Protein chains: 2
Amino acid sequence: MKELLHTVRLQINPSVYIKNPESTELGKKIMTEGINLIDKIGYEDFTFRKLGQKIGSPEASVYRYFQSKQKFLLYLTSWYWAWMDYRLEFAIANINSPNQKLERTINLLTERVTEDSNFTFMNIVKLSRIVFTESSKSYLNKEVDEQNKQGVYLGYKQLVGKASGIIMEVSPKYKYPNMLISTVIEGAHLQHFFAEHLPKLTNKTNGNDDVKKFYHELVLKTITANKK
Amino acid sequence: MKELLHTVRLQINPSVYIKNPESTELGKKIMTEGINLIDKIGYEDFTFRKLGQKIGSPEASVYRYFQSKQKFLLYLTSWYWAWMDYRLEFAIANINSPNQKLERTINLLTERVTEDSNFTFMNIVKLSRIVFTESSKSYLNKEVDEQNKQGVYLGYKQLVGKASGIIMEVSPKYKYPNMLISTVIEGAHLQHFFAEHLPKLTNKTNGNDDVKKFYHELVLKTITANKK
DNA sequence: CAAATATGATAGTATTACTATTATATTTGC
DNA sequence: GCAAATATAATAGTAATACTATCATATTTG
């Protein structure tokens, strides 16, 4: 993707923050250093106190932006999904062939983010690593229904919905587009994690693009009608 | 599956416990009530102190069986994978057709456990709910490499390996059997969770067996060679 | 220039995830 | 059948976590 010279402001559901961190310097420091810290020590060991020490502010100041570290994680993941949604729109703009749209969509959803975009102060490489490892924890808990009512997963749902729509363009009769897309997204995260930490659970051969290839093939074959 | 009148002792890697909980009454109480409690309040809110109160023993006693609540979760998941492995062996015993073996395997890996087996004091329905929601947290963290060295994921790897072998029987040239199986296992857990809590991310129509059907079709189509 | 808002500095709290110690009860080995 | 080993109970203690509260000061805005 090309560098963008104009600034894009991503839309994040306000339910995940108290005060928009993009609106102040301190808020931006919280995001930048928060990402660094979670990427380094992991979500479990991450605390607002440690973050405060990094940015030279008391933890109480961090609490003025986010109710809890859960909400902070939700903010980061929401930001990521909004960014992906934006990238998806960009990637399929002016493309007419549904098949080509689908190919680009699957690429986007399954490939690793390795290059830093400088369109934002967010470190995207680190953020995407965080999302791959930690994002499922934001819904796999007992608060999921309550949080869902507040709308904290809207960004994720929107992206899944959009990608499912592209599946339907290619194969209008396919019954399970949402299942397929959420399987692909979460599966790709997992496979990248496994490749690094539990290789017995995956199949990385020589190279790099195995995950992408695997899900490409899987999606295309799955949505194509069989000649029984 | 038929009820079994003999007792089967599942093999659990000793790295996940200090003292085998199956060897004493207290140990069994810890498992039974631990499962009840995690199922009720979730892994995050679960503590050994609360568990101790339930079973009328001090938390120090629980610590004599398990080093930490992480290890306790690992014990439960290891037990579950060992049980699944046993059920898989049982389900494919004396079946010759690879396709039929595969069908039964996918069934086992993707369906919800709704019936309590009385071959054990473990509440399998609750345990499987716990595994669906919490098991990924046992590896999605910074300790994964260290824990992996200790062998705590061996049971899971073994099951994935066995199921991949069946894929290879059906389709010897297929390149990504492990990816496919781990995608199916974790994906099915997720889809069941979504169906209950985030239905926008899945496609449940009228009935019940959608997840099973979806993954069946997905696997069969994926491993079948295309006529290009 | 007053009023509102943002931040810093500091303190406090209930709970968590443990570890340690001692006493008593139970099992086992000879 | 008794000593020795082992298991459990009872209790206490600790550093860290995930917050909340208060007050003073600095900065922005109308």
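Throughout, a chain's letter reflects where its sequence line sits, starting with A, and its residues are numbered from 1. Keep in mind it's a predicted model, so treat the numbers as computed, not measured.
- A cation-pi arrangement is found for K69(B) relative to Y43(B), the charged atom lying closer than 6.0 Å to the ring centre and inside a 45° cone about the ring normal.
- Put simply, Y65(A) has a side-chain N or O that comes within less than 4.0 Å of OP1 or OP2 on dT7(C).
- The shortest heavy-atom contact between S164(A) and N178(A) is OG-OD1, 2.6 Å.
- Looking at residues two or more places apart in sequence or on another chain, you find a side chain to side chain contact (heavy atoms under 4.5 Å, CB included) between T222(B) and L218(A), T222(A), Y174(B), L180(B), L218(B).
- Atom P of nucleotide dT17(D) and atom CD of Q70(A) are separated by 17 Å, given to the nearest angstrom.
- To the nearest angstrom, P of dA10(D) lies 13 Å from CD of Q53(B).
- Note on residues 181-203 of chain A: pairs passing salt bridge (charged side-chain N to carboxylate O under 4.0 Å, His left out), not counting sequence neighbours, are R112(A)-E196(A).
- When the side-chain nitrogen and oxygen atoms of S61(B) are compared with OP1 and OP2 of dA9(D), one or more of them lie within a distance under 4.0 Å.
- Note on residues 52-61 of chain B: pairs passing salt bridge (charged side-chain N to carboxylate O under 4.0 Å, His left out), not counting sequence neighbours, are R49(B)-E59(B).
- Residue S57(A) places at least one side-chain N or O under 4.0 Å from the OP1 or OP2 atom of dG8(C).
- For the salt bridge (charged side-chain N to carboxylate O under 4.0 Å, His left out) condition, no pair includes a residue of residues 146-157 of chain B, sequence neighbours left out.
- Under the rule for a ring pair (Phe, Tyr, Trp, His ring centres under 6.0 Å), the partners of F132(B) that lie at least two apart in sequence or sit in another chain are H189(B), H192(B).
- A straight line from OH of Y43(A) to P of dT17(D) spans 14 Å, rounded to a whole angstrom.
- Spacing between atom CD of E25(B) and atom C1' of dA25(C) amounts to 16 Å, rounded to whole angstrom units.
- Partners of E143(B) according to the salt bridge (charged side-chain N to carboxylate O under 4.0 Å, His left out) rule, which considers only residues two or more places apart in sequence or in another chain, do not exist here.
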Write down the protein N/O and nucleotide N/O pairs, taken from nucleotides 14-17 of chain C, whose separation is under 3.5 Å; answer none if there are no such pairs.
residue	atom	partner	partner atom	Å
dT16(C)	OP1	K50(B)	NZ	3.4

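- Here R129(A) pairs with D39(A) under the salt bridge (charged side-chain N to carboxylate O under 4.0 Å, His left out) rule; sequence neighbours left out.
- With sequence neighbours excluded, the residues that form a ring pair (Phe, Tyr, Trp, His ring centres under 6.0 Å) with F72(B) are F46(B), F66(B).
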| said: Within the 4.0 Å limit for protein heavy atoms, which parts of nucleotides 22-30 of chain D are touched? Write it as a string from 5' to 3', B for base, S for sugar-phosphate only, - for none. | reply: ---------
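- Among residues two or more places apart in sequence or in another chain, the side chain to side chain contact (heavy atoms under 4.5 Å, CB included) test is passed with T183(B) by T183(A), Q191(A), F214(A), Y215(A).
- Here dT6(D) presents its P atom at 16 Å from CD1 of I18(B), a figure rounded to the nearest Å.
- Of the residues in residues 134-146 of chain A, not one places a heavy atom less than 4.0 Å from an atom of DNA chain D.
- For K19(A), the side-chain atoms get nearest to dT7(C) when compared with the rest of dG8(C), dT7(C), dA9(D).
- At the heavy-atom level, F66(B) lies nowhere under 4.0 Å from the strands shown.
- With a cut-off of 3.5 Å on both pairing distances, the Watson-Crick or G-U wobble partner of dC1(C) is dG30(D).
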